[in-house]
Amino acid sequence: MKRFSPSEIEPKWQKIWDETGVYTADLDTEKPKYLAMSMFNYPSGAGIHIGHAMNYTISDVKARFKRQQGFESYYPIGWDAFGLPAENYAIKAGVSPQESMATIIPGYHKQYKAMGWSNDWEKEIATHKPEYYKWTQWIFWKMCSEGLAYQDARMQWWCTKCQTVLANEQVIEGRCWRHDGKDDPVVQKKEVKQWFFKITDYADELLDATDALDWTDTVKLAQKNWIGRTEGINIDYEVVGSDKKLTCFTTTPVNYGMTFIVIAPEHEMVTELTTSEKKSEVDDYVAACITKTELERQQEGKDKTGVFTGSYVINHLTGEKAPIWVADFVLAGFGTGAVQGCPAHDERDFEFAQKFGLPIIRVVEGEDGKTERVVDPSKESVDQVKLNHGIQRKMVNSGQFDGLLFDEGMQKTMDYFESQGWGTRQVNYKMRDWSVSRQRYWGAPIPIVNCPKDGTVLIPEDQLPVVLPELDDFKPAGDGRSALARATDWLQTTCPECGGPAERETDTLDTYICSSWYMYRYMDPHNQEEIFSTDRVRKWEPIDFYNGGDHATAHLLYARFIGHFFKKLGLIDEPEPFKQFVFNGKVTAQNGEMFSKSKGNGIDPLEIINQGYGADALRTYLMFAAPLEFWAKWDPNGVPGTHRFLNRLWNLVQEFTKASDSSVNNKDETEWKEAGLDYYTHKMIKKMTEDLEANRYNTAIAASMENVNVLYKIKDQHGIDSSVSWREALESAVVCIAPFAPHVSEELWHQLGHSSSVHTGTWPKYDEAKLVTDTITIVVQVNGKVRAKLEVAADASEDSVKEAALAEENVQKFIGDKKPTKVIYVPGRLVSVVVR
RNA sequence: GCGCGGGUGGUGGAAUUGGUAGACACGAGGGACUUAAAAUCCCUUGACCUAAACAGUCGUGCGGGUUCAAGUCCCGCCCCGCGCACCA
């Protein structure tokens, strides 16, 4: 009898799989396709840790399950190689990023293969190769020609450590997403000329398409919040004593209660609105605000500051003057950078009015005349009395709008303002355009030439790619430009327009562009003529299954944007790239800390595998520990546990093959039927099929374990022989655990006499007829408490079951001499007797 | 603060969406095999009560409610995690 030895069988099968190409997908197949993948891997030098092992195993299991079900299942592989971590790693290692990638990636190959992931290595891609980034540049080129790319000097988030600008999505709690530790610097604001993609043009489209996605709800919500659509009205105010107009955006024009205006310190009209006697005060305030970082402003919390400009506007409805203030709680980047203060109904306005003694007029109250939503001026404090259910808010002190319900009042007010020409309805978004230029070396060069005569000139399509030159010194210059500014030979070029001398753009493209379209390249990875063939993509789009534990907004939003953009160009049919997305939890150390290089607590999967437990046990444990969405703590006892389970299955198969070899006299098949081999097998198949389909991996594995336990029980009672029943039971057990434990199942499959792989087209269908039992267990409750259980024939009538239930001794005991007032029968489940 | 999730044994987690709470696993305890250990196999394992029970009591964060029946539904609290965070 052979012993279960993962360290022998795993490398053996990995080699055979490589040689026979079981995981090579035929992209032109006639079979139904399935495409599962996890988020792009970012090779950084440290190799993968348990967290990656978890991520990629999730999609690998799905890909394998579908491959076994007969789909042409494609499990692609590639490297998101450009970007800062790779560049920084190369700086540290003292080699070029090109060289460092050439050594890092093979290390990853080793790990991926050791994990038993079913990647199609023939179609491997890497974003730092010219044949890939040619098309990344082409996307920029296309954005330009479609009018969706533009250059603008703006105040940008700037990370002093990275020496580059950051997109809004890359700023986390006031710090760089790469440097978000306590000791890291907070991000600065710096005026930089930047390239932007007009993602805001797609805001509505992306928002509207969100609901229909089969995605983890929290991520859909995060996307919606990030896009942040608000509907309201822009109201123009006349500034007293001048012909100037000041425009405020509001969603709730409760203008009878509007008593002041506040503009952001960065507002373009600050100077002109400030009177001469207020000038020095306002200048000082504005100067102080601008030097403050966003984080400092936040840390100062809600303690409102501000200064009066000396100017007033006229309130259209009341004809009264309202003062214009400058305060930093108003954000320059949202709406018009100016808001109207309605302190009775907005918490921030209330605090501001309180602090500076501005009037508070209540114009909304509950129908009962008492409850109000935000603020009660009579108490002079923020009153958080919530509206009782059923009590509506209505307008008061509001002239012609008095008595209207709040929502109606708002609409009527907006109608009125529009009819008077005082304002226009307006939709705003929190989302900003995507800043795509980075002042770093290790990225795809922006295909632009700066010509003294023609300005910024787009490089013609047929001259792509602009190849990134290899440099000896690629550290940032420190002046805000990338190392490419020093690559004179490369930098000096001729203008495609006039042929005169010109300089290349030294910024490179944000790596998020590389990762926002890679899924389409997977569908046609070797195409030299075009970004991909539309026919190919039509066959393979969308990604059927996608998972990851990060990037709820950034990457997923950008990828959707690119999808919608491609759709508009007619390159693809389905604008949404990811049909299903699972936002999985992560694995943390036992103390709950994240695994990381800096903490030195990372666990290399190879370490676990080489301890002798093997990749199968590791994979199975990772998928068994918790539901996919849960965060799991690493338990060193977990892998030995799943190893034990696989070993139990292994030993059963050994006993079976031994029985076959020694040609033991087989028992009659009906005995095995009565023992339940068939029944339990089909029960397991059903449960595992449904759970794998619904991404409930942990309970799928539990079903397999339960099945193996049952097989041991049957073996104990009836023994094991080479019968068809035992063969089917064991083959099913082996086939169904294959997505989780691909090596041991392949080995056992062959031991059972098969010569083709267990991994293609083997998934069994369960037979409902085999799940029907002769008898069922019925629970009997008396007054809601379980008092007896009885076995009845599956087809027993309601009356006979009730009768049998009432006849139970323990049931009678609790009924006593009273008479049941009610007897409820739930078919196949229980009888509930009510006695009063 | 706002918005989402979620509180179940010593631990990770099950529970067909109102129908036997604790599947499966880890840990713990006991037994078999062994000169011994490891490995393997078998049994026990929510608490209480009990000599034991396939006899009973309690039990899914807390307090109420609906129901023959509540982990699951409703109302009010407490706690934890995540996301957004002065977005007008």
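Chain letters run A, B, ... following the sequence lines, proteins first and then strands; every chain starts at 1.
Separating the P atom of B/G13 from that of B/C2 is a span of 29 Å, rounded to the nearest Å. Across B/U60 and B/G22, the matching C1' atoms stand 9 Å from one another, rounded to whole Å. Comparing B/G12 with B/G7, their P atoms are spaced 12 Å from each other, to the whole Å. Comparing B/A39 with B/C54, their C1' atoms are spaced 35 Å from each other, to the whole Å. For the C1' atom pair drawn from B/G31 and B/A47, the interatomic distance equals 26 Å after rounding to whole Å. To the nearest whole angstrom, the two P atoms, one in B/U66 and one in B/U50, are 36 Å apart. The gap from the P atom of B/A14 to that of B/C24 amounts to 14 Å, rounded to the nearest Å. Here the separation of B/G10 from B/C68, taken at their C1' atoms, is 36 Å to the nearest Å.
Across all strands shown, B/A28 forms a Watson-Crick or G-U wobble pair, both distances under 3.5 Å, with B/U44. Pair assignment for B/C2 gives B/G83, based on Watson-Crick or G-U wobble hydrogen-bonding distances that are each under 3.5 Å. Checking B/U66 for Watson-Crick or G-U wobble geometry (two distances, each under 3.5 Å) identifies no partner in any strand.
The nucleotide whose nearest atom lies closest to any side-chain atom of A/Lys430 is, among B/C84, B/A55, B/A88, B/C84. When the nucleotides B/G56, B/A14, B/C68 are ranked by their closest atom to the side chain of A/Phe814, B/G56 comes out on top. Nearest nucleotide to the A/Phe624 side chain, out of B/G83, B/G12, B/G19: B/G12. Which of B/U20, B/G3, B/G19 sits closest to the side chain of A/Leu221 comes down to B/G3. Picking from B/A69, B/C58, B/A23 the nucleotide with the shortest atom distance to the side chain of A/Lys785 gives B/C58. The nucleotide whose nearest atom lies closest to any side-chain atom of A/Asp635 is, among B/C4, B/A88, B/C26, B/C26. The listed nucleotides are B/A88, B/G19, B/U20; the one nearest the side chain of A/Lys789 is B/U20. The side chain of A/Ser832 lies closest to B/G19 when the candidates are B/U20, B/G19, B/C4. For A/Arg829, taking side-chain heavy atoms from C-beta onward, the closest of the listed nucleotides B/U57, B/C4, B/G19 is B/G19. Side-chain proximity of A/Arg648 to the nucleotides B/C41, B/C68, B/C24 is greatest for B/C41.
Under the 90° criterion around 0 for the glycosidic angle, B/G9 counts as syn.
A/Arg787 and A/Gln812 form no side-chain donor-acceptor contact under 3.5 Å, judged by distance and modelled atom types alone. Residues A/Asn234 and A/Thr247 have side chains that never bring a donor and an acceptor to within less than 3.5 angstrom of each other. Side-chain contact annotation: A/Tyr825 with A/Asp799, donor-acceptor N/O pair under 3.5 Å absent.
Dashed line: the shortest gap from a side-chain N or O of A/Asn225 to OP1 or OP2 of B/C4 is not under 4.0 Å.
Note that A/Arg560 lies outside the cation-pi zone of A/Trp226, set by a 6.0 Å cut-off to the ring centre and a 45° limit from the axis.
When the options A/Phe656, A/Phe645, A/Phe4 are evaluated for a ring-ring contact (aromatic ring centres under 6.0 Å, His included) with A/Trp650, the one that passes is A/Phe4.
RNA chain B is contacted by both A/Thr642 and A/Thr251; A/Thr642 maps to the nucleotide lying nearer its 5′ end (nearest heavy atom per residue). The 5' end of RNA chain B is approached more closely, in terms of each residue's nearest nucleotide, by A/Asn709 than by the other of A/Thr336 and A/Asn709.
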